[in-house]
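Written out below as structure tokens is the structure these notes cover.
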Amino acid sequence: MDKTDPDYVPLDFGAARQRMVDAQIRPAQVSNPHVIAAMRALPRELAVPEALRAFAYADQNLPLGEGRYLTEPRVTGRMLQVAEPVRGERVLVVGAGTGYLAALLATMGEALEVTALESERRLADIGRALCFTWAPGVHWRDGALVHGAPNDGPYDLIMIDGAVRAVPPAVMGQLTQDGRVIAPVCADSGVTAVSRIVRTAQGSAVQPLFDVAVPLLPELEPAPAFVF
């Protein structure tokens, strides 16, 4: 609605945020008090372009352009729940986009050292603005997602905010020996599941945790195989 319209009523984002937690997050088996408190406090509307702010608390993935999406709140909350961040851990968010997941991690009261990696400047600018006010401790890095952010590693926890076919080898290589990756992984069957990936002597092991409908990160799509 046009803000100059005499019948215009501004959206109550604070009330919408509480409804999001009570109607979407808590019923989705999210019980970690740090996750719930962070999602109640952090203004998700600042993580989307102004034209989309009316939909900031909808239970859906929000298109941000260039094939990128802001992951639906329920999935973000559950990813944080299964990530089980431990106080003082070093965390990398790959595909940080507009900064919502990185800012949540930084405001969870666990004294996490959070690095946000993003390659799309327009999205990173929104994320930097959000974090400047709400999570100033987040370290933003510009660069190709496939390479990770080696200069700030190694990391105890790496979270990928978007689906992948597989975690890039360079990103896996930035984990500590006992670290873990939490990411939506799209299997050959076409089913996408948020998964826990750990390093093994043979490379890595993937443990699917719960199914989701999260779009693939275009930048991390493997190149088409050449067929003779």
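This chain uses plain numbering: 1 for the first residue, then up along the sequence. What's counted below: heavy atoms across the whole structure, side chains too, no hydrogens, waters or symmetry copies. Since the structure is predicted, the reported quantities are computational estimates derived from the model, not experimental observations.
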As an exercise, state the distance from CG of L52 to CG of L70, rounded to the nearest 0.5 Å. 9.5 Å

Of the non-hydrogen atoms in P73 and A58, which two are nearest, and what is the gap between them? CD-O, 3.5 Å

Any donor-acceptor N/O pair, R180 side chain to D156 backbone, under 3.5 Å: yes

About how many Å separate CG of L105 and CE of M79, when rounded to the nearest 0.5 Å? 9.5 Å

side-chain contact (heavy atoms from CB on, under 4.5 Å) for C186 and L216? Distances and angles first, verdict last. CA-CA 8 Å; C186 183; L216 287 161; 4.0 Å; yes

Considering all heavy atoms of both residues, which atom of M20 and which atom of Y57 are nearest to each other, and what is their separation? SD-CD2, 3.5 Å

Test item: S195 side-chain N/O and I197 main-chain N/O as donor-acceptor pair under 3.5 Å: no

Side chains of V82 and R196, heavy atoms from C-beta outward: is any pair under 4.5 Å? no

Mark yes when over 12 heavy atoms from residues, nucleotides or ligands other than Q29 sit less than 6.0 Å from its CD; otherwise mark no. no

Any chain of hydrophobic side-chain contacts (each under 4.5 Å) joining V212 to M39? yes

Check for a donor-acceptor pair, side chain of E118 on one end and backbone N or O of G97 on the other, with a separation under 3.5 Å. yes

If you look at every heavy atom in G162 and P184, which pair is closest and at what distance? O-CD, 3.4 Å

Do V35 and M108 make a side-chain contact, defined as non-hydrogen atoms from C-beta onward lying under 4.5 Å apart? yes

Interatomic distance, NE2@H34 vs CD@E110, rounded to 0.5 Å, equals 4.0 Å

Taking the side chain as everything from C-beta on, heavy atoms only, tell me whether L62 gets closer than 4.5 Å to Q60. yes

Identify the residue among Q174, H139, R90, R141 that makes a side chain to side chain donor-acceptor pair (under 3.5 Å) with D152. R141

dist Y69:OH -> N61:CG (nearest 0.5 Å) comes out at 8.0 Å

Group every Ile, Leu, Val, Met, Phe, Trp and Tyr by side-chain heavy-atom contacts under 4.5 Å, then state whether I158 and V164 land in the same group. yes

Rounded at 0.5 Å granularity, tell me how far CG in L157 sits from OG1 in T176. 9.5 Å

Between R74 and E72, does any NZ, NE, NH1 or NH2 come within less than 4.0 Å of an OD or OE carboxylate oxygen? yes

Group every Ile, Leu, Val, Met, Phe, Trp and Tyr by side-chain heavy-atom contacts under 4.5 Å, then state whether M172 and V146 land in the same group. yes

Heavy atoms only: give me the nearest A106-A135 pair and the separation to one decimal. CB-CB, 3.8 Å

Treating Ile, Leu, Val, Met, Phe, Trp and Tyr as nodes and any side-chain heavy-atom pair under 4.5 angstrom as an edge, say whether V167 and V206 lie in one connected cluster. yes

L80 versus M159: any side-chain heavy-atom pair under 4.5 Å? yes

Hey, are the side chains of W134 and P43 touching, using non-hydrogen atoms and a 4.5 Å cut-off? yes

Hey, are the side chains of R165 and L220 touching, using non-hydrogen atoms and a 4.5 Å cut-off? no

Is there a side-chain contact between I182 and Q81 (heavy atoms, below 4.5 Å)? no

Quick one: which of L123, D161, L130 gives a side-chain contact (heavy atoms from CB on, under 4.5 Å) with T98? L123

Got more than 12 heavy atoms from elsewhere within 6.0 Å of CZ, R40? yes

Distance, nearest 0.5 Å, that separates CZ of R87 from CD of E89: 12.0 Å

Shortest non-hydrogen contact from A144 toward E219: CA-OE2, 3.4 Å

Connected via hydrophobic side-chain network under 4.5 Å: V114 and V181: no

Check A15 against D12 and note the closest heavy-atom contact, atom names and distance. N-OD1, 3.0 Å

Check for a donor-acceptor pair, side chain of E66 on one end and backbone N or O of P218 on the other, with a separation under 3.5 Å. no

Under the side-chain contact (heavy atoms from CB on, under 4.5 Å) criterion, do T71 and L101 qualify, and how do the steps go? CA-CA 9 Å; T71 303; L101 178 57; over 6 Å; no

Six-ring centre of Y100, R44 cation under 6.0 angstrom, axis tolerance 45°: yes

Does a side-chain heavy-atom distance below 4.5 Å link P49 with L64? yes

